[in-house]
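A quick note: this is a predicted structure, and the numbers were derived from the prediction, not measured. Within every chain, numbering begins at 1; the chains are lettered A, B, ... in the order of the sequence lines, protein sequences first and strands thereafter.
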Amino acid sequence: MEELLEIKHLNIGRKSVLIHDINCNINKGELVILTGVNGCGKSTLLKTLAHLIHPLNGSIMVNRLQLSILNARECSRLIAFASTTRIHEDYIKVNEMVAFGRFPFGQKIWNDVESDAHVEEAMRLMKIEHIADKYLNTISDGEWQKANVSRVLAQNTPLILMDEPTAFLDYPSKIQLLKDLREIAVSGNKVIIISTHDIELASKYGTLFWHIEQQRFISSEKPIPWG
Amino acid sequence: MLAGIFLFPNFISPFSENEIDQHILFQFRIPKTLTAFFAGMALSVSGFILQQLFKNNLAGPYILGVSSGASFAVGLVIIGSSSIPMLNSGISISLAGFLGAFGILMLILTVSSRYGYGAIILLFGVIIGQLTGALQGLLSYIAIPTDLKNFTLWSMGSFNQVIGADLVILMIATLGGLVWSFFMMPSLSVMLLGDDVSRTLGVNTRSISMQLLACTGLLTGIATAYCGPVAFIGMAIPNAVRLLFKTSNFKHLLILNAVLGSCMALVSDIISSLPIANINIPINVTTALIGGPFIIYILLKNRH
């Protein structure tokens, strides 16, 4: 298997160190489940990997490229990031939001939303074609999360980072989303890293498990028991 | 629309007749209409940009104190110009307007980056407006009477008396600001997804915000420098456009704001110059009379 992500001696945090000495190599085709108590640095880790926060120490390589020397445009073609917060905009449609994922590739985002193959494919994968023309503030949380995943998929990057995508979803939607993400990671040969508090559910679908405890980072191929 | 305007205000004024009509037409009507057209455009476009940047539908150049900042700077120049004659030129007035507006925008940006985008921004803007108002009061206290009259008339807002080079500056600055901001619309629309996500989509949010603030500083500053602090257009029009067209295609929204802003300024100007009771109503009275009820409607509609 081809390696996608290589983390060496990484220390992360805003000002003081939140997590010490992270070391990890990940091959393509994995769904990584990131767990840990609130405030342990899950979001900070994801944002550091997304090149939003600078690491305090150590190196991150994506596709054998050093993250720290890439500019924003180059990063946006390698790494997609989705945050927890749902946006409430009155007059933006689902397909328009999904098309934002094509922004790094210089596509004209407002024209020909329907005719963009990546946007169409991303919405087909998440089965949201039927709500393509709905406004964002009229859809349910589950539908919004699917639209959010579609936007990330439209970006078509090898590495996808999602901060608590299962939050606010009802039980069946959580299962569906995790199933979809695993399918996309494995068959699409991508690495998807998600943080979540739905440990029992996520342990069924994840292929790799990260856990943060007392500023330490643990990686395992089996679900990590809390304690 | 345009043609109707410069024929309509007071009675009729045919195309080529006697010299007096010609004079009125070219020295007053046409400049005035053009001024209203471009100032309206500038104010509504800056209002639109500010509302998007600060994620607040009640933002606008007037409420955020940007107009007051520009007024204060212009007041300094107008009142200072009697002692330093060099200052009394269109360029120095427009520069003062721009710097005043941009200065306030930078202050507001600092506050918003630290304390968030909500009510605090509006509160802050209103306080800044009051502060600069007080400083202006001080200024007029020490000013000599002729300067004071000029300044007071100017502060009521008017599309009159912008002619020649001043009009050209207003037109160029407005069109320049419009074109400049037009190219940033795709990035601004991606910023709907929030700061973090838009940065991972390759948008340099800081640079875009700064450039857009410079644009709004330019647009509001110049319009205010020449027409006085005109209220309501900058806040009312972007809301009207959103409600009417229900789109988030920012390129379209920008153009629609420009067009509707011009229309509102022209209509306000016509109403202002209607011969009611033999006085010309100040433009701010008209825009407030149209804009005020409209904003109340927006507030009530969003509160259901």
>> If I take atom CG from residue D195(B) and atom OG from residue S83(A), how far apart are they, to the nearest 0.5 angstrom?
In response: 10.5 Å

> If every non-hydrogen atom of L192(B) is compared with every non-hydrogen atom of I87(A), which pair is closest and at what distance?
Replying inline: O-CG2, 3.5 Å

>> I'd like to know which of N204(B), V203(B), V197(B) tops the heavy-atom pair count under 4.5 Å against chain A.
In response: V197(B)

>> Could you check whether atom CZ of F168(A) has more than 12 heavy atoms from other residues, nucleotides or ligands sitting under 6.0 Å from it?
In response: no

> Do you know the tightest heavy-atom contact between F103(A) and S187(B)?
Replying inline: CZ-OG, 3.7 Å

> Are any side-chain N or O atoms of R199(B) and backbone N or O atoms of A72(A), one a donor and one an acceptor, separated by less than 3.5 Å?
Replying inline: no

> Under 4.5 Å, heavy atom to heavy atom, which residues of residues 152-166 of chain A contact chain B?
Replying inline: Q155(A)

> Going through the checks in order, is the side chain to side chain contact (heavy atoms under 4.5 Å, CB included) test met by T200(B) and H51(A)?
Replying inline: CA-CA 8 Å; T200(B) 61; H51(A) 205 31; over 6 Å; no

> At their closest point, which heavy atom of S76(A) faces which heavy atom of G202(B), and how far apart are they?
Replying inline: CB-N, 3.6 Å

> Who are the side chain to side chain donor-acceptor pair (under 3.5 Å) partners of R86(A), not counting sequence neighbours?
Replying inline: D141(A)

> Given a strict heavy-atom distance threshold of 4.5 Å, which part of R151(A) is in contact with chain B: side chain, backbone, both, or neither?
Replying inline: side chain

>> As a quick check of understanding, evaluate side chain to side chain contact (heavy atoms under 4.5 Å, CB included) for K246(B) and Y135(A), giving each step before the final call.
In response: CA-CA 10 Å; K246(B) 298 193 193 317; Y135(A) 288 115; 3.9 Å; yes

>> Contact between L243(B) and Y91(A) at the side-chain level, heavy atoms closer than 4.5 Å - yes or no?
In response: yes

>> Determine whether S189(B) and F100(A) satisfy the following criterion, side chain to side chain contact (heavy atoms under 4.5 Å, CB included), listing intermediate values before the conclusion.
In response: CA-CA 9 Å; S189(B) 61; F100(A) 280 153; 3.9 Å; yes

> In terms of heavy-atom proximity below 4.5 Å to chain B, should I79(A) be classed as side chain, backbone, both, or neither?
Replying inline: backbone

>> Would you say that more than 12 heavy atoms from the other residues, nucleotides or ligands in this model lie under 6.0 Å from the NE2 of H130(A), or not?
In response: yes

